[in-house]
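Report on one structure; see the data block that follows.
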Amino acid sequence: MIFPFAVSSYSNDLYGLSIVLAFTTIVTIGFIYELGKNALKIESRQSLILDKLNKIKIITL
């Protein structure tokens, strides 16, 4: 969505700029919403190994 705006920057006017800013704002708000809901949290191997080690320490105590 932003690439065509950048390519045709000489022929864009205030309307084109407002559309790109609106699009960027909506995408940013959506990204912040997903971060708030922890929808982007991905379990990595390192965190899984640390969780297993913590459980082992708790059991041995």
Side-chain angles (χ1 to χ4, degrees):
M1 179 72 179
I2 298 173
F3 182 72
F5 177 77
V7 170
S8 63
S9 61
Y10 289 112
S11 63
N12 291 330
D13 54 355
L14 190 59
Y15 178 73
L17 178 64
S18 63
I19 295 297
V20 168
L21 288 177
F23 173 76
T24 307
T25 303
I26 291 170
V27 169
T28 303
I29 290 171
F31 180 68
I32 292 170
Y33 178 76
E34 288 180 356
L35 285 177
K37 291 284 192 175
N38 288 330
L40 300 177
K41 185 176 181 182
I42 300 172
E43 295 291 332
S44 66
R45 289 183 186 175
Q46 184 177 9
S47 66
L48 292 174
I49 291 171
L50 290 175
D51 287 342
K52 287 180 182 179
L53 290 176
N54 288 334
K55 288 179 183 178
I56 292 171
K57 288 180 184 177
I58 292 172
I59 293 172
T60 58
L61 291 175

Partners of [X] by side-chain contact (heavy atoms from CB on, under 4.5 Å), sequence neighbours excluded?
{"X": "T28", "answer": "T24, I32"}
{"X": "V27", "answer": "F23"}
{"X": "S18", "answer": "Y15"}

Using 0.5 Å steps for rounding, measure from the CG atom of L14 to the CD1 atom of I19.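 The distance works out to 10.5 Å.
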How far apart are the closest heavy atoms of V20 and F5, and which atoms are they?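 Shortest heavy-atom separation between V20 and F5 comes out as CG2-CG, 3.4 Å.
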Other than Y10, which residues form its hydrophobic cluster under the rule that side-chain heavy atoms must be closer than 4.5 Å?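 When side chains under 4.5 Å apart are linked, Y10 ends up in no cluster with other residues.
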